[in-house]
Protein chains: 2
Amino acid sequence: MESEELRNVGLKVTTPRLKILSFLESAKEKHMTAETIYRKLVDSGEVIGLATVYRALTQFEAAGLITRHHFEGGQTFFELERGPHHDHIVCIRCGRVEEFYDKMIEERQREIAEKLGFTLSDHAMTLYGECSGGCPAAKP
Amino acid sequence: MESEELRNVGLKVTTPRLKILSFLESAKEKHMTAETIYRKLVDSGEVIGLATVYRALTQFEAAGLITRHHFEGGQTFFELERGPHHDHIVCIRCGRVEEFYDKMIEERQREIAEKLGFTLSDHAMTLYGECSGGCPAAKP
DNA sequence: CTTGCACATGAGAATCGTTATCATATATAT
DNA sequence: ATATATATGATAACGATTCTCATGTGCAAG
Ligand SMILES: [Zn+2]
Ligand SMILES: [Zn+2]
Ligand SMILES: [Zn+2]
Ligand SMILES: [Zn+2]
């Protein structure tokens, strides 16, 4: 239950927070902006404020429930922190986002950080390219 | 000469552009925000507009003279595109930025993109951690 | 089940980084 | 030197995010 999740991370169980959390869980898109999350909730008849969405997302992130990604174009995307860590590849044409995990790269990153005298705590890796084949925005 | 650089990429040689370009070349910091570049120029007595700095940086990037990085916190950093490609590791304490290049990771990225049906055109990889040893912000 | 209170909410104002507008100034080709 | 297309700087406008504050609500104590 989402209520449990909130309680577990020390957040009061409130209606807006539940709405956001369960929306994220049921949404088709895994990666969305705050604005999008807000719009979709409002469009589906919910009464919620944009400020509340931003606040909740920030708290969820601090609590480790969601992750924030800074993709190109300055847009910030959020996604539920479910399952194992992964990185992203984004189509520069249609915006499609695919996920991947590469053990070798992850290990290499740790080695690099160590060699440079850093204690690695996080990383952001996003590849950009054009998705061939199914890219709906591809030129003929 | 910086004038040559501008001409080579098809940009008119203007005083503001020269100021920005030579400042970037002489600056101690390799990675700076637009705001910082503007401030330092103004503080050193130059007469230049913030809009001009943003415009020039955008043009320089399009021309391949500089690179734009989106580090954590939504801040955008620029750096002269000198020497070979590299990625970054940033200290979450003091903000220090170190550069690195790892052939294995670069190759792997290309393979991953290909496997997922993408034509890789770019990537962003930034590691975050705490710089041990010389970190001026480290706790005692 | 009430009740009290700390905390959360929503509407809108405020702020931040960035881009657009526009009248003026300047670089380059003639 | 002159013409013309382009660049500049001040400022307004903008989109994304955060802040403010009056009101509403979760929840624990009684
Ligand atoms: Zn993801
Ligand atoms: Zn695509
Ligand atoms: Zn660099
Ligand atoms: Zn440090």
Side-chain angles (χ1 to χ4, degrees), chain A residues 1-23 31-63 65-78 95, chain B residues 1-23 31-63 65-66 68-78:
Chain A
M1 189 61 109
E2 290 99 15
S3 316
E4 280 310 310
E5 265 192 282
L6 290 175
R7 247 186 292 273
N8 289 341
V9 298
L11 288 173
K12 240 185 221 178
V13 179
T14 69
T15 317
R17 284 176 188 157
L18 284 174
K19 282 180 188 168
I20 295 168
L21 203 48
S22 52
F23 170 68
H31 311 85
M32 286 182 287
T33 65
E35 201 50 59
T36 301
I37 295 167
Y38 168 69
R39 267 269 83 73
K40 299 228 175 178
L41 282 171
V42 169
D43 289 355
S44 73
E46 302 292 351
V47 175
I48 195 168
L50 178 56
T52 304
V53 172
Y54 273 104
R55 261 186 308 238
L57 291 174
T58 301
Q59 294 160 335
F60 291 177
E61 188 199 14
L65 295 181
I66 65 177
T67 309
R68 187 189 298 254
H69 304 294
H70 297 283
F71 292 162
E72 285 289 311
Q75 289 203 269
T76 303
F77 291 78
F78 297 87
Chain B
M1 190 61 112
E2 289 101 16
S3 316
E4 279 311 307
E5 264 193 282
L6 291 175
R7 246 186 291 273
N8 289 341
V9 298
L11 288 174
K12 240 185 219 179
V13 179
T14 70
T15 317
R17 284 175 188 158
L18 285 174
K19 282 178 189 169
I20 296 169
L21 203 49
S22 52
F23 170 68
H31 311 86
M32 287 183 286
T33 66
E35 205 45 62
T36 301
I37 295 167
Y38 168 69
R39 266 269 82 73
K40 299 229 175 178
L41 281 172
V42 169
D43 289 355
S44 73
E46 300 293 350
V47 175
I48 195 169
L50 178 57
T52 304
V53 172
Y54 273 104
R55 260 186 309 239
L57 290 174
T58 301
Q59 294 160 334
F60 291 177
E61 187 197 16
L65 295 181
I66 65 177
R68 187 188 299 252
H69 305 295
H70 298 283
F71 292 162
E72 285 289 309
Q75 290 202 269
T76 303
F77 290 78
F78 296 87

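Letters A, B, ... mirror the listed sequences (proteins, then strands); counts begin at 1. The structure presented is a predicted model; accordingly, all values stated were derived computationally and were not measured.
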Could you tell me whether the side chain of A/V13 reaches within less than 4.5 Å of the side chain of A/E2, counting heavy atoms only? no
Could you state the CD1-P distance from B/I20 to D/dT8, rounded to the nearest angstrom? 8 Å
Here the distance between atom C1' of D/dA16 and atom CD of B/Q75, to the nearest Å, is 15 Å
Can you tell if the side chain of B/L6 reaches within under 4.5 Å of the side chain of B/L65, non-hydrogen atoms only? yes
Taken to the nearest whole Å, CG/A/L18 to C1'/C/dA8 is 13 Å
Quick one, B/F77 and B/T36 - any side-chain contact, counting heavy atoms below 4.5 Å? no
NZ/B/K40 to CD/B/E46 distance, rounded to the nearest 0.5 angstrom? 14.5 Å
State, yes or no, whether a side-chain contact exists between A/E72 and B/R68 at a heavy-atom distance under 4.5 Å. no
Side-chain N,O (B/Y54) to OP1/OP2 (C/dT18) below 4.0 Å: yes
Answer with base, sugar-phosphate or nothing: what part of the nucleic acid does A/L50 contact at a heavy-atom distance below 4.0 Å? base
Between C1' of C/dA11 and CD1 of A/I48, the distance in whole Å: 14 Å
From CD of A/E61 across to P of D/dT17 the rounded distance in Å is 12 Å
Which letter, B, S or -, goes with each nucleotide of nucleotides 19-30 of chain D from 5' to 3', with contact meaning a protein heavy atom under 4.0 Å? BB-----SS---
Distance check needed: C/dG17 P versus B/R39 CZ, whole Å only. 12 Å
I want to confirm an ordering. Mapping A/V47 and B/E35 to their closest nucleotides on DNA chain C, which one lands closer to the 5' end? A/V47
Compare side-chain N and O positions of A/T76 against OP1 and OP2 of D/dT17 and report whether any pair is under 4.0 Å apart. yes
From A/H70 atom NE2 to B/H70 atom NE2, the distance as rounded to the nearest 0.5 Å: 10.0 Å
Whole angstrom is fine here: how far is it from OH in B/Y38 over to P in D/dA10? 7 Å
Integer-rounded Å distance: C/dT28 C1' and B/L6 CG: 14 Å
Is any side-chain heavy atom of A/V42 closer than 4.5 Å to one of A/I48? yes
